[in-house]
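Notes for the one structure printed next.
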Amino acid sequence: MFPLKDKKLAEDIVSRIEKLDVNLKFMHVCGTHQDTLVKHGLDVLLKKCGIEIGQGPGCPVCVTTAKEIEEMLLLARKGKTVATFGDMIRVPGEKHSLQGMKEEGCDIRTVYGIEDAVSIAEKNKNKDVVFMAVGFETTVPTTASVLLKNPPSNFSVLSCHRLIPPALKAILDMGEIKIDGLIQPGHVSTIIGTKPYDFISKKYNVPQVVAGFEPLDLLMGVWMLVEQIKHGTAFVQNEYTRAVHEDGNVKAKKVIDEVFETGDKKWRGFPVIPKSSLELRKQFEEYDAKKKYEDDLEELKNKDFKEPKGCKCGELLRGLLSPQDCPLFGTRCKPGSPVGPCMVSIEGSCNIEYRYKKTK
C-alpha cells in the first residue's frame, strides 16, 4: 500500500497522466469524492491534464424526489412527528420545506440516525413517529438492523433508500453524455463489493475503479482508469483494497435482503429506474409509513411535482452540467437560500462548489 499523504507521489501521478495527452471524461457518484476533488483542487489539476470528472447521482438527499418530500410534509401536516437528517429538512418542497413546517409548529425532529428516531418514538408513545430514511447501500444496513429489533409500534419508516448500480445503468442507457470511465464509491462498495459493477464494463465497455477518499486514492483511481483505456481494456479494478473486498460485507447484505426487496423508483432528474429502490418486505409492513398512512397520503397518489423554476439539479445529477453552468448558482441559489437540493446537501455538487470556490 502506498502512503496516503505523499506529495511527491501525487506529483508523479499527475505528471504521468499529463504526458499521455488524453482528453477523457470520467464520472463518480459520491459526494465525498466530489468534496475531495474540489477541496484539494484536483478537479482543476486534472482538467489541465485532459481529465474532466463530473459528479453523477451520488448525493442521497439530492436524488430524493420532490414527491417524497411532499409526502413527509403532508404527514407532518397530518400530525405525525417527522424525523430525518439535517440536510433533508432544508430541501425546498413545492411551497415549504420541513424546516418551514417546523417553524409553523409541526413536530419535525433533526436526528443523526434512525436510532435517534426510534428513541423519540419510545419516549413519546402517544405520537406517531415517521423516519425519512435516505441513503444508498451504505446506510441501508442500519435501517434494516433497527427494524429487525422490533421497534415500538408507533414508529415507521418512509423508505427513500436507493441503489447505485441501477442508476449507473440508467445513465449509460440514456446516452446523454460521454463517459470514458467510472470512479465507484468506496463506502457503497464496502457493502456490495466489486461484483455488482461487472455488468457495466461487460455491457458498455466502460472501465471502472473503486476508489477511496484521500486525494491520492482519487489520483490513483484516475491513473488506473487511464491505464485501462490506454491498453484498450474495460473491467472493475479496486484501488480501495484496504476497505473493499470483492464480495463486500456478506453479513450486511444478508440483513438488507431479509428486510428489503427491490422496486422501481423515480429519482430526481431521472425517469423511473427499474430495481433501483429498496422497499420494505411484506412482513415489515407495520413499519412501512407508505402503507401505514396510505389514507393520509391518498391525495398525493397520482400527483407529480416539478423542479423549482430555473433549478438545474436534474441535469447536474445526470452529469450534463457543472454547478457553475446553472444560472441560479451563487445568485438566487446559495447555501443560505437554496433553490434546489444540490445546494442544500453537504454532499451536493453545488454546495461543495460554493463552499470551496464561492464565486461564479
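Note that the structure is predicted; figures quoted are calculated from it, not measured.
Counting only distance, with no hydrogens or angles, the side chain of R281 and the backbone of E279 share no donor-acceptor pair below 3.5 Å. Listed for the D6 side chain is a donor-acceptor partner under 3.5 Å among the backbone atoms of L9. A donor-acceptor contact shorter than 3.5 Å is absent between the side chain of R109 and the backbone of V129. Looking at Q55, its side chain does come within 3.5 Å of a backbone N or O of E347 through a donor-acceptor pair. Without hydrogens or angle criteria, E137 side chain to I164 main chain gives a donor-acceptor distance under 3.5 Å. N351 contributes a side-chain N or O that, together with a main-chain N or O of M343, makes up a donor-acceptor pair within less than 3.5 Å. When atom types are taken as modelled, the side chain of R268 and the backbone of E307 share no donor-acceptor pair closer than 3.5 angstrom. Looking only at distances, a side-chain donor or acceptor of D288 sits under 3.5 Å from a matching main-chain atom of K290. When atom types are taken as modelled, the side chain of S337 and the backbone of C333 share no donor-acceptor pair closer than 3.5 angstrom. Judged by distance alone, the side chain of D87 and the main-chain N or O of V61 form no donor-acceptor pair under 3.5 Å.
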So E122 and S119, side chain to side chain donor-acceptor pair (under 3.5 Å) or not? Walk me through it.
CA-CA 5 Å; E122 288 171 339; S119 178; 4.8 Å; no

Assess whether side-chain contact (heavy atoms from CB on, under 4.5 Å) is satisfied between V130 and V157, documenting all intermediate values.
CA-CA 5 Å; V130 183; V157 170; over 6 Å; no

Between F85 and V134, does the side-chain contact (heavy atoms from CB on, under 4.5 Å) criterion hold? Intermediate values first, please.
CA-CA 9 Å; F85 303 107; V134 300; 3.8 Å; yes

The test is salt bridge (charged side-chain N to carboxylate O under 4.0 Å, His left out); show your working for K266 and E68 and say whether it passes.
CA-CA 10 Å; K266 190 172 182 180; E68 288 168 315; over 6 Å; no

Show the numbers, then the answer: is there a salt bridge (charged side-chain N to carboxylate O under 4.0 Å, His left out) between K312 and D325?
CA-CA 9 Å; K312 300 293 184 185; D325 293 326; over 6 Å; no

L300 and F305: side-chain contact (heavy atoms from CB on, under 4.5 Å), yes or no, with the steps?
CA-CA 10 Å; L300 299 180; F305 295 89; 3.8 Å; yes

Under the criterion salt bridge (charged side-chain N to carboxylate O under 4.0 Å, His left out), I'd like the reasoning laid out for K357 against D43: C-alpha separation, chi angles, the key distance, then a yes or no.
CA-CA 12 Å; K357 298 183 177 176; D43 55 338; 2.8 Å; yes

Is there a side-chain contact (heavy atoms from CB on, under 4.5 Å) between V14 and L219? Walk through the geometry before answering.
CA-CA 7 Å; V14 172; L219 289 177; 4.0 Å; yes

Please evaluate residues E11 and K8 with respect to the criterion salt bridge (charged side-chain N to carboxylate O under 4.0 Å, His left out), reporting the C-alpha separation (whole Å), side-chain torsions for both, the decisive distance (0.1 Å), and the verdict.
CA-CA 5 Å; E11 291 173 344; K8 188 174 182 305; over 6 Å; no

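Taking CG of L42 as the start and NZ of K47 as the end, the distance is 14.0 Å to the nearest 0.5 Å. Here the OG-CD1 distance, from S145 to I114, works out to 7.5 Å after rounding to the nearest 0.5 Å. The CG atom of L278 lies 10.5 Å from the CZ atom of R162; values are rounded to the nearest 0.5 Å. For the atom pair CG of N249 and CD1 of I191, the computed distance is 5.0 Å after rounding to the nearest 0.5 Å. Atom CD1 of I17 sits about 6.0 Å away from atom SG of C49, to the nearest 0.5 Å. Once rounded to the nearest 0.5 Å, the distance linking CD1 of I69 with CG of L73 reads 7.5 Å.
Among residue pairs with one or both ends in residues 157-205, those qualifying as ring pair (Phe, Tyr, Trp, His ring centres under 6.0 Å) are H161-F260, H187-F213; sequence neighbours excluded. Within the structure, the side chain to side chain donor-acceptor pair (under 3.5 Å) test picks out the following pairs touching residues 93-106 (sequence neighbours left out): Q99-E103.
Side chain to side chain, T32 and Q34 fail the donor-acceptor criterion of an N or O pair below 3.5 Å. Using modelled atom types, one finds no donor on one side chain facing an acceptor on the other under 3.5 Å when comparing S15 with E18. With hydrogens and angles left out, the side-chain atoms of Q237 and Q228 include a donor and acceptor closer than 3.5 Å. Between the side chains of W267 and S276, a donor-acceptor pair is found at a separation under 3.5 Å.
Salt bridge status for E258 with K253: absent, with no side-chain N to carboxylate O gap under 4.0 Å. Between R318 and E315 no salt bridge is recorded (no basic side-chain N to carboxylate O distance below 4.0 Å). For K78 and D295, the salt-bridge test fails: no basic side-chain N is under 4.0 Å from an acidic carboxylate O. Note on D12 versus R16: salt bridge recorded, some NZ/NE/NH1/NH2 to OD/OE distance being below 4.0 Å. Taking a cutoff of 4.0 Å between a charged side-chain nitrogen and a carboxylate oxygen, D107 and K127 qualify as a salt bridge. A salt bridge does not link K301 with E70: every distance from a Lys NZ or Arg NE/NH1/NH2 to an Asp or Glu carboxylate oxygen is 4.0 Å or more. Here D180 pairs with K178 in a salt bridge; the nearest charged N to carboxylate O distance falls below 4.0 Å. The pair D217-R242 meets the salt-bridge criterion, since a charged nitrogen lies less than 4.0 angstrom from a carboxylate oxygen. By the 4.0 Å N-to-carboxylate-O rule, D304 lies too far from K67 to be salt-bridged with it.
Note on I53 and V209: same hydrophobic cluster, where clusters join Ile, Leu, Val, Met, Phe, Trp and Tyr whose side-chain heavy atoms are under 4.5 Å apart, directly or indirectly. Hydrophobic clustering (side-chain heavy atoms under 4.5 Å, transitive across Ile, Leu, Val, Met, Phe, Trp, Tyr) groups M27 together with F136. In this structure, L218 is not a member of the same hydrophobic cluster as I179, with clusters built from ILVMFWY side-chain heavy atoms closer than 4.5 Å. Neither V250 nor V140 shares a network with the other; the hydrophobic side chains, linked directly or stepwise wherever heavy atoms of I, L, V, M, F, W or Y lie under 4.5 Å apart, form separate groups for each. Under a hydrophobic clustering in which Ile, Leu, Val, Met, Phe, Trp and Tyr are joined whenever their side-chain heavy atoms come within less than 4.5 Å, directly or via other members, F235 and L182 fall into different clusters.
Cation-pi contact between K334 and Y354: absent, since separation from the ring centre below 6.0 Å together with deviation from the ring axis within 45° is not met.
A heavy-atom distance below 4.5 Å is found between the side chains of R90 and P338. Considering only heavy atoms from C-beta on, P341 stays 4.5 Å or farther from T64 through its side chain. Counting heavy atoms from C-beta outward, F131 and L158 have side chains that stay 4.5 Å or more apart. With contacts defined as side-chain heavy-atom distances shorter than 4.5 Å, the pair T143/V259 does not qualify. Here the side chains of V146 and K149 are not in contact, with every heavy-atom distance at 4.5 Å or above.
Scanning all heavy atoms of the two residues, the minimum distance from L328 to K309 falls at CD1-O, 3.9 Å. When all heavy atoms of P92 and V344 are compared, the pair lying nearest together is CD-CG2, 4.1 Å.
K230 pairs by the side-chain contact (heavy atoms from CB on, under 4.5 Å) definition with L20, E227, not counting sequence neighbours.
Counting non-hydrogen atoms of other residues, nucleotides and ligands closer than 6.0 Å to CD1 of I346 gives a total of 12 or fewer.
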